[in-house]
> 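Take a look at this one; I'll ask things after.
Here is the naming used below: chain letters follow the sequence lines, and residue numbers restart at 1 for every chain. Small disclaimer: the values here were computed from a predicted structure and weren't measured.
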Amino acid sequence: MTGLRRAIDQRLAGAFETLGLPVDLARATPSDRPDLADFQCNGALAAAKRVGRNPREIAAAVAEALGAAPEFSGIEVAGPGFINLRLSDEALSARAGEIAGDPRLGAGMVGTPRRILIDYGGPNVAKPMHVGHLRSSIIGESLKRIHRFRGDTTVGDAHFGDWGYQMGLLIGAAMDADPWIRALVEDLNAAGTEPSPEAEAAAFEGLARRISLADLDRMYPEAAALGKTDEAYRNRARRLTAELQARRPGCLLLWRHFARVTQVALARDFHALGVDFDLWKGESDADPLIPEMVADLEARGLLEDDQGARIVRVGRQGDKRELPPLLVVSSEGSAMYGTTDLATILDRRRTFDPDQVLYVVDQRQADHFEVVFRAAVLAGYAAEGQLEHIGFGTMNGTDGKPFKTREGGVLKLNDLIEMTRDRARERLREAGLGAELPEEAFEATAHQVAVAALKFADLSNFRGTSYVFDLDRFTSFEGKTGPYLLYQAVRIKSVLRRAAEQGIEAGGIRITDPAERELALLLDAFDDALSEAYDRRAPNLLAEHAYRLAQAFSRFYAACPILPAEGEVRASRLALAGTILRQLELCLDLLGLSAPDRM
RNA sequence: GCGCCCGUAGCUCAACCGGAUAGAGCAUCCGCCUUCUAAGCGGACGGUUGCAGGUUCGAGUCCUGCCGGGCGCGCCA
């Protein structure tokens, strides 16, 4: 199925070819001047430059050549050589009808599907999620859904931060906090063998009583702070990290408890946000590959000794700056951030063999990924361009620096969600739904509204730039917000429900009113918005489309009564509304949102 | 110091390969519920796109310089 915009491209290409003009310039875009046209082509201007002729003459010739095409109701040359194209109501009606009958609502697939792995979320053991985790999680989730919908075999991996120095800190802190734990770890380490299943079960049971997620939340910041100021403490944590990575049984067992407790809680929190991972692989899963990888790097002659550490230099001729080397083995003998990342590349290659890996991680880590990717290419673990860092900007406070609460701490994601849910409940009660809906549905709706508000507020910004985190804006339900999108969907559902009750049926779509034209044009523009969001890895483009669609519907709703109309007009408007709902809900789903039935 | 990113309306953000009159939301003001959910709709107000040059028929967009801000620059992740 070809969309209208693409059909116009083809018409233009035909005309350009006939006239001996560069065909790559034959492209229609939505008009900047909706009062003058639906689409415009600026190709005559660029062509004039290339072939050295008058742009208006070229435009006039193209317009002439286009003259017989049936989908246009108006073709005009304007300004310096814009070709303004207006579509006939018939063409729009036919296209709207096509989309109405299309399970994919007008969206195309990629030409050649690829295998894509998306690394996002990046939760860590013992670190509760804060607002900073919101971006990676929801951008990554949306990219995953967009890729999958367009036909790629797509896998989302949480890439759980469960390995490294932080674990040494925590193991030490837990041993300090409780003599029973200290004894357990030390005895197991001394024994040097895995405990029996019974002993292991008993140990986990004892740990479950002693260390909860809340304890970890409390212990980690304290230990991290101590590690910064106290050298002996820091050195012990490093040693314990190395012991864990050497798989000393006591450290390993305690670590497994930490990871398990955290993961269960995190998966629940992610799910509540509409974020679900296909894989929950940890950095620890890449760990077993490290020895052979180090040997391999050695064999390839890439490893160098430097200040007691082992590194890979990744500088290239023509670099504008000197990149730091990849630190493969620390002077303590530990694997570092980059080591596990490199080993993870190997692991993914063996287990999933992706054509491309997208890392949805804070922009500040651009240099780190550049180093890792270069090392991977040097070692032959990945091809140039196969690994891509999808960086995003930070959420800043009004002072322009990464967001902190008034107390100076980080805002926990769960607190933000609860705050927003409170506002949603209040708003639902005002609407009188508190009494009408069963408790469960009421809570579910409040949650949907809150999540939509938070996620849309983030997704509507271009991912690459930092933005100011404004609590009021994030928890607002009016204007260009997630709840606005949900509300439009809810209104349509309500209309469709009434229509069904009254036995009113939808019919063929006939576009006549300006509000209907706008809707038909937007339905057609979905495919462009989706493929653009895909190509540029920019969900905000899809969010923008969803908003425009919702807004156009709201105007249509105000201007064109649906059920109060009669006959074919009513049947047409009902069909149009139903199609808008389906495309809107599809957009919401691709953004990781969902609309309730009532709100 | 070196490098990367950013600077657009009072505030928060958009702007497709360089195109016409730079768009939304919030805030402010004025209208609209006796038709389907007013979390809505219509309208008004609001801009020298940080500054100065350059390329171009045409620049928020490309180039150079300056000013301002953020971030990164091997033993955390």
> Which nucleotide in the list rG3(B), rA24(B), rA20(B) gets nearest to the side chain of Y547(A)?
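Nearest listed nucleotide: rA24(B).
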
> Would you mind reporting whether T339(A) and V329(A) have side-chain heavy atoms less than 4.5 Å apart?
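Not touching, per the 4.5 Å side-chain cut-off.
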
> For rC36(B), does the glycosidic angle fall within 90° of 0 (syn) or outside that (anti)?
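It is anti.
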
> Look at the side-chain N and O atoms of T465(A) and state whether any lies under 4.0 Å from the OP1 or OP2 oxygen of rA14(B).
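Yes, because at least one side-chain N or O of T465(A) sits under 4.0 Å from OP1 or OP2 of rA14(B).
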
> What's touching nucleotides 75-77 of chain B from the protein side, N or O pairs under 3.5 Å?
| residue | atom | partner | partner atom | Å |
| --- | --- | --- | --- | --- |
| rC75(B) | O2 | S331(A) | N | 2.7 |
| rC75(B) | O2 | S331(A) | OG | 3.1 |
| rC75(B) | N3 | S331(A) | OG | 3.3 |
| rC75(B) | N4 | Q307(A) | O | 2.8 |
| rC76(B) | OP1 | R238(A) | NH2 | 2.8 |
| rC76(B) | OP2 | R238(A) | NE | 3.1 |
| rA77(B) | OP1 | Y165(A) | N | 3.0 |
| rA77(B) | OP2 | Y337(A) | N | 3.4 |
| rA77(B) | O3' | E283(A) | OE1 | 3.0 |
| rA77(B) | O3' | E283(A) | OE2 | 2.7 |

> Applying a 3.5 Å limit to both distances, which nucleotide forms a Watson-Crick or G-U wobble pair with rG40(B)?
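rC32(B) is the nucleotide pairing with rG40(B).
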
> Tell me: CD of E532(A) to C1' of rC17(B), nearest whole Å?
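Taking atom C1' of rC17(B) as the reference, CD of E532(A) is at 10 Å.
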
> Using the P atom in both, what is the distance from rC6(B) to rG50(B), to the nearest Å?
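One P to the other, the span is 13 Å.
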
> Test of understanding: with ring pair (Phe, Tyr, Trp, His ring centres under 6.0 Å), list the residues that count as partners of F526(A), not counting sequence neighbours.
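Result, ring pair (Phe, Tyr, Trp, His ring centres under 6.0 Å) vs F526(A): H545(A).
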
> With respect to the side chain of R364(A), which nucleotide from rC71(B), rA20(B), rG40(B) is positioned closest?
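Nucleotide nearest to R364(A)'s side chain: rC71(B).
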
> Are OP1 or OP2 of rC41(B) and a side-chain N or O of Y484(A) less than 4.0 angstrom apart?
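Looking at the OP1 and OP2 atoms of rC41(B), one of them is under 4.0 Å from a side-chain N or O of Y484(A).
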
> Quick check on RNA chain B: between F39(A) and A366(A), whose nearest nucleotide comes earlier from the 5' end?
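Upstream on the strand: A366(A).
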
> Using a cut-off of strictly less than 4.0 Å, decide whether T29(A) has a side-chain nitrogen or oxygen near OP1 or OP2 of rC16(B).
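Negative; the distance criterion is not met.
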
> So what does A46(A) touch, heavy atoms closer than 4.0 Å: a base, only the sugar-phosphate, or nothing?
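Counting heavy atoms under 4.0 Å across all strands, the contact made by A46(A) includes a base.
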
> Which nucleotide wins on minimum distance to the side chain of P30(A), given the candidates rC17(B), rA20(B), rC16(B)?
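So the nucleotide nearest the side chain must be rC16(B).
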
> Is a donor-acceptor contact shorter than 3.5 angstrom present between the side chain of D32(A) and the base of rC16(B)?
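Checked by distance alone, the answer is yes.
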
> Taking the side chain of K49(A) as heavy atoms from C-beta outward, which of rC57(B), rG19(B), rA15(B) is closest to it?
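In terms of side-chain proximity for K49(A), the closest of rC57(B), rG19(B), rA15(B) is rC57(B).
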
> Hey, does I83(A) reach any base, or is it just sugar-phosphate, or nothing, if we go heavy atoms under 4.0 Å?
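It contacts nothing in the nucleic acid.
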
> Which one is paired to rU64(B), where only Watson-Crick or G-U wobble pairs with both distances under 3.5 angstrom count?
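WC or wobble partner is rA52(B).
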
> Look at all strands and tell whether K228(A) reaches a base, only sugar-phosphate, or nothing, counting heavy atoms closer than 4.0 Å.
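Touches nothing.
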
> Using whole Å, what does the distance between atom P of nucleotide rG58(B) and atom CD of Q40(A) come to?
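Atom-to-atom, Q40(A) to rG58(B), this comes out as 19 Å.
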
> How about Y484(A) and Y547(A): are their ring centres within less than 6.0 Å of each other?
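Yes, close enough.
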
> Please tell me if the side chains of F373(A) and E388(A) come closer than 4.5 Å, counting only heavy atoms from C-beta onward.
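No - every pair of side-chain heavy atoms lies 4.5 Å or more apart.
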
> I need a per-nucleotide contact map over nucleotides 26-38 of chain B, read 5' to 3'. Cutoff is protein heavy atoms under 4.0 Å; write B for the base, S for backbone only, - otherwise.
S--------BBBS

> Please name the nucleotide paired to rC73(B) by Watson-Crick or G-U wobble geometry with both distances under 3.5 Å, or report none.
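rC73(B) is paired with rG1(B).
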
> Nearest whole angstrom, please: distance from the P of rA39(B) to the CZ of R429(A).
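One finds 17 Å between P of rA39(B) and CZ of R429(A), rounded.
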
> Looking only at atom P, what distance separates rG60(B) and rG23(B), rounded to whole Å?
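Taking atom P in both rG60(B) and rG23(B), they lie 12 Å apart.
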
> Across the strands shown, which category fits N84(A) at heavy-atom distances under 4.0 angstrom: base, sugar-phosphate, nothing?
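N84(A): base contact, heavy atoms under 4.0 Å.
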
> Could you tell me whether rC33(B) is syn or anti, where syn means a glycosidic angle within 90 degrees of zero?
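Here rC33(B) takes the syn form, which means its glycosidic angle is within 90° of 0.
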
> Need one value for D35(A): base, sugar-phosphate or nothing, where a base atom within 4.0 Å counts as base even if backbone is also close, heavy atoms only.
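The answer is base, as D35(A) lies within the cut-off (heavy atoms under 4.0 Å) of a base atom.
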
> Nearest-nucleotide wise, let me know which of L25(A) and R555(A) is further upstream toward the 5' end of RNA chain B.
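Looking at RNA chain B, the more 5' nearest nucleotide goes with L25(A).
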
> Checking all strands, does L486(A) fall into the base, sugar-phosphate, or nothing category for heavy-atom contacts under 4.0 angstrom?
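Counting heavy atoms under 4.0 Å across all strands, no contact is made by L486(A).
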
> Taking the minimum atom-to-atom distance to the side chain of S554(A), which one of rG40(B), rU12(B), rA20(B) wins?
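Of all the options, the side chain of S554(A) is nearest to rG40(B).
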
